[in-house]
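Report on the structure given below.
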Amino acid sequence: MKPSSSVMDVTKPGDERSRGEGIKAVEELGSMPIIYTPWLNKGTNFSESERREKHLDGLLPPVIETLDDQAARLMTQLRNEDLTNLQRNNILKQIMATHTTLFYKALIENIEELAPIVYTPTIGEACQRWSTLFREPLGMYISAFRHRGRFDEVLGNWPNKNVQIIVVTDGSRILGLGDLGTNGIGISIGKIALYVAAVGFHPEHSLPIVLDMGCNRKELREDGLYLGERRERLEGEEYYAAIDEFCAAVKRRWPHALLQFEDFETSKAFKILEAQRSAMLCFNDDIQGTGAVVTSGFINGMKYQGTRLRDARVVFYGAGSSAVGVAKSIVTYMHKTEGISEEEARACIYMVDSKGLITDTRGDELPEHKQEMARRDGVPDMKDLREIVEYVKPHALIGLSAAGPVWTEPIVQALCQGTESPLVFPLSNPTPKAEISAENAYSWSKGRCIFAGGSPFKPVKYDGQTFVPGQANNVFVFPGIGFGAIMAKASSVNDEMFVAAAAGLADAVSEAELRGDKRLYPQISNLRQVSLDVAAAVAKAAWDSGVSQLKEAPADWRAYVEERQWWPDHASKQSAATA
Ligand SMILES: NC(=O)C1=CN([C@@H]2O[C@H](COP(=O)(O)OP(=O)(O)OC[C@H]3O[C@@H](n4cnc5c(N)ncnc54)[C@H](OP(=O)(O)O)[C@@H]3O)[C@@H](O)[C@H]2O)C=CC1
Ligand SMILES: CC(=O)C(=O)O
Ligand SMILES: [Mg+2]
C-alpha cells in the first residue's frame with residue numbers, strides 16, 4: 001500500500017521550519033519562482049490554478065503533466081542507448097538538483113535499473129571524475145582547514161532545518177578506489193539518495209557531507225579542476241579534534257539526527273566509531289552495515305548448506321574495516337542467538353591480509369583491529385590463498401580486499417573440494433575491484449557455488465542453466481537501520497539493532513527463493529519492502545533493548561514505520577485533473 005505523501009510525523013529537532021513556511025520564505029526572498037527550488041518544484045506538474053497563483057504562467061511549457069508523465073520522459077532520456085552510465089548519472093544529478101520529487105519518483109519505480117547508476121558501480125567513476133563533472137554542490141563541503149572552529153555556524157547554512165539523516169565521508173577510502181579527497185562527496189550523495197528511495201526518509205530531512213581533511217593523492221591535488229583543499233591530509237590529534245568538533249556541532253544543531261560514517265579509511269574508522277557511538281546517534285556503514293548485510297547472507301547460506309552456524313568456517317580475504325566489521329558481526333550474531341561464547345564463535349573466522357593468514361605467530365605487529373580476529377590456535381602460517389582454502393575447507397569465502405580479480409580457478413576448485421555449495425562473495429566495489437566475476441565463479445565451480453557480489457552482476461548461463469547472482473551490499477540494511485533508529489527515537493544504535501537488521505534481512509528471503517533459486521539476498525527490485533521490514537525490526541529492537549525514547553511501543557511496528565514513509569507522489573494526478 002502506498003500511503004499519501006506528507007511530511008513525516010516524527011521528532012522535529014532544531015529550528016524546524018514547516019514546508020508551508022518554507023514556501024513562503026522562498027517566495028518572499030526576492031520572489032525567486034518556486035520552480036527554482038528543487039524540493040518544491042513540480043515542473044510541468046503545476047496545475048493551471050497553481051501557475052496563476054504562483055506567477056508561473058509563461059515560465060513553463062503550457063501542457064500540464066502528471067508526475068508519471070514526467071518520469072516517463074526522464075526514463076526515455078535515460079534509456080537512450082548512446083549514453084554511458086556516467087552520462088546517465090549526470091542526467092540524474094541534474095534532475096536531483098532541479099526537481100527532487102521527479103528524481104525520487106524515477107529512482108523508486110526503477111530501482112533495479114537506476115541503483116547501479118546512482119550507486120555502485122557508476123558512483124565510483126563519478127567520484128573519480130567529480131572535479132571535471134561538477135555542476136551542482138548537492139551536499140555540504142566542510143573544510144577542516146578553513147571552517148575549523150566554525151563547524152556549527154557552517155552547518156547552519158544548510159537550508160533545510162529539520163535534518164534527520166546525515167551521511168559524512170572524509171573521502172579517504174571511497175569504495176575500493178582509495179583516497180579521492182573532496183570528490184568523495186559523491187558517495188555521501190549516492191547513499192542519501194538510497195536513504196530516501198529505499199526506505200522513505202523525506203528528502204528535505206537528509207544531508208550529504210564531505211568533511212575535507214585534505215587529500216594524499218598528489219595527482220588530485222595538482223589537478224587544476226580539483227575542488228577540495230590542496231593540502232595533505234590532517235593526521236593525529238589535529239584530525240581527531242576536527243572530527244570531535246564536527247560531531248559535537250551535528251549533535252548540537254540536530255540532536256535527534258542520525259550520523260552515518262561512510263568510507264573512512266580503516267586506520268581511523270574504528271577509532272572514530274568507538275569514540276562517537278555512545279556519545280551520539282551514529283553508526284559506521286562499512287563496519288556495521290556491511291556486518292549486518294553479510295551476516296544475513298551467511299545465515300541463509302548456512303541454512304541452504306545445512307551447516308550449523310557454530311560449525312561453519314569462514315575465510316575473509318581482506319582484513320580492513322569492512323572485513324573485520326563483518327567478522328565481528330558474525331561473532332556477535334552467533335553469541336547472541338546461538339548461546340555460544342564470543343571466543344567459541346571466533347573459532348569460525350580465518351582472516352587473510354596482504355601478508356597471508358593472520359595469526360599470533362606470524363611475527364609482525366598487528367594493528368588493533370586485526371588482533372581480535374588473529375588465529376591463536378597454532379594454525380600454520382600460510383600466505384597463499386589456495387593453500388589456506390585447502391587447509392581450512394571453508395563454507396564461505398568472503399572478499400573485502402579491493403584487490404580486483406585475483407581469485408583463480410584452482411582456488412575455486414579447492415573451495416569446492418571442501419564444501420558442496422560454498423558461498424563465494426567477492427564484495428569489493430566497484431566491479432573492477434571484485435575478487436572474481438560471477439561468470440568465472442559459476443563456471444569454475446561447475447555451477448555449485450552460491451554467489452553474491454558487492455556490485456550487481458548480470459545473470460550467467462552455464463551448462464544450460466541460468467544463474468542469477470545475488471548482491472551483498474550494505475544498501476539492503478543501512479536505510480532500514482537509519483529509519484528504524486529515527487522512528488524509535490533511539491538514543492544510540494546498539495548491537496541488538498544490527499542483529500535485528502541481519503535477521504530481518506535474512507527473513508526477507510522466502511524458502512522458495514532460497515531452495516529454488518539459491519537466493520541468499522532479496523532482489524534489489526524489492527528494496528523498498530525489504531527496507532521497511534528491516535526498519536521495523538530495528539525499531540522494535542531499539543525498544544526491546546531499552547534505547548528507544550518513545551513513550552509507548554506501537555502495537556504494530558511495521559504499520560507504524562510504514563505510515564511514516566515519504567513517497568514522491570505529491571498529488572500529481574489531482575493537479576492534472578483539476579487543471
Ligand atoms: N559490499 C559491500 O557492501 C561493501 C564493500 N566494501 C568494499 O570492501 C573493500 C575494502 O574496504 P575496507 O575494508 O575499508 O578497505 P581496507 O583498504 O581497509 O582493507 C583492505 C584489506 O584487504 C587486504 N588486501 C589488499 N590486497 C590484498 C591481497 N592482494 N591479498 C590479500 N589481502 C589483501 C589489505 O591487507 P593489509 O591490511 O595487509 O593492507 C586489507 O586488510 C572496498 O573495495 C569496499 O568497496 C566495503 C564496505 C561494504
Ligand atoms: C558499499 C560500500 O559501502 C563500499 O563499498 O564502501
Ligand atoms: Mg562504504
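The model shown is predicted, which means the values in this text are computed figures rather than measured ones. All ligand and atom numbering here is 1-based and tracks the order in the structure.
The shortest separation from a heavy atom of V406 to ligand 1 is not under 4.0 Å, leaving the residue out of contact. No heavy atom of V293 sits closer than 4.0 Å to any atom of ligand 1. Not a single heavy atom of T120 sits under 4.0 Å from any atom of ligand 2. Residue contacts with ligand 1 do not include K433, since none of its heavy atoms lies under 4.0 Å from the ligand.
The distance criterion of under 3.5 Å between nitrogen or oxygen atoms is not met by Y119 with respect to ligand 2. Between T266 and ligand 1, at least one N/O pair is under 3.5 Å apart. For ligand 2, none of its N or O atoms has an N or O atom of N473 under 3.5 Å away.
Near D286, meaning under 4.0 Å from any of its heavy atoms, are these atoms of ligand 1: 46 (C), 47 (C). Shown in contact with S428 at under 4.0 Å from a heavy atom are these atoms of ligand 1, numbered in order with element: 7 (C), 9 (C), 43 (O). Near G176, the atoms of ligand 1 lying under 4.0 angstrom from a non-hydrogen atom of the residue are 42 (C), 43 (O), 45 (O). Close approach to R173 involves these atoms of ligand 2, each under 4.0 Å from a residue heavy atom: 6 (O). Atom numbering of ligand 1 starts at 1 in the shown order; those under 4.0 Å from a heavy atom of S322 are 8 (O), 10 (C), 11 (O), 12 (P), 13 (O), 46 (C), 47 (C). Against a heavy-atom cut-off of under 4.0 Å, G454 is close to the following atoms of ligand 1: 1 (N).
In summary, no N, O or S atom of D285 is located under 2.8 Å from the Mg ion (ligand 3).
In this structure, the protein non-hydrogen atom closest to atom 5 (O) of ligand 2 is N429 ND2, 2.8 Å. At the shortest separation from atom 10 (C) of ligand 1 among protein heavy atoms lies L400 O, 3.4 Å. Looking at atom 4 (C) of ligand 2, its nearest protein heavy atom turns out to be L175 CD2, 3.5 Å.
Of the heavy atoms in D353, both backbone and side-chain atoms come closer than 4.0 Å to ligand 1. When heavy-atom distances to ligand 1 are checked against a 4.0 Å cut-off, K370 comes that close only through its side chain, counted from C-beta outward. Contacts with ligand 2 closer than 4.0 Å are made by no heavy atom of T290, backbone or side chain.
Taking each of A472, S401, A403, G404 in turn, the one with a heavy atom nearest to atom 24 (N) of ligand 1 proves to be S401. In this structure, of G124, S354, A319, the residue bringing a heavy atom nearest to atom 35 (O) of ligand 1 is S354.
Ion pair D170/R233 flagged as a salt bridge, since at least one NZ, NE, NH1 or NH2 atom sits closer than 4.0 Å to an Asp/Glu carboxylate oxygen.
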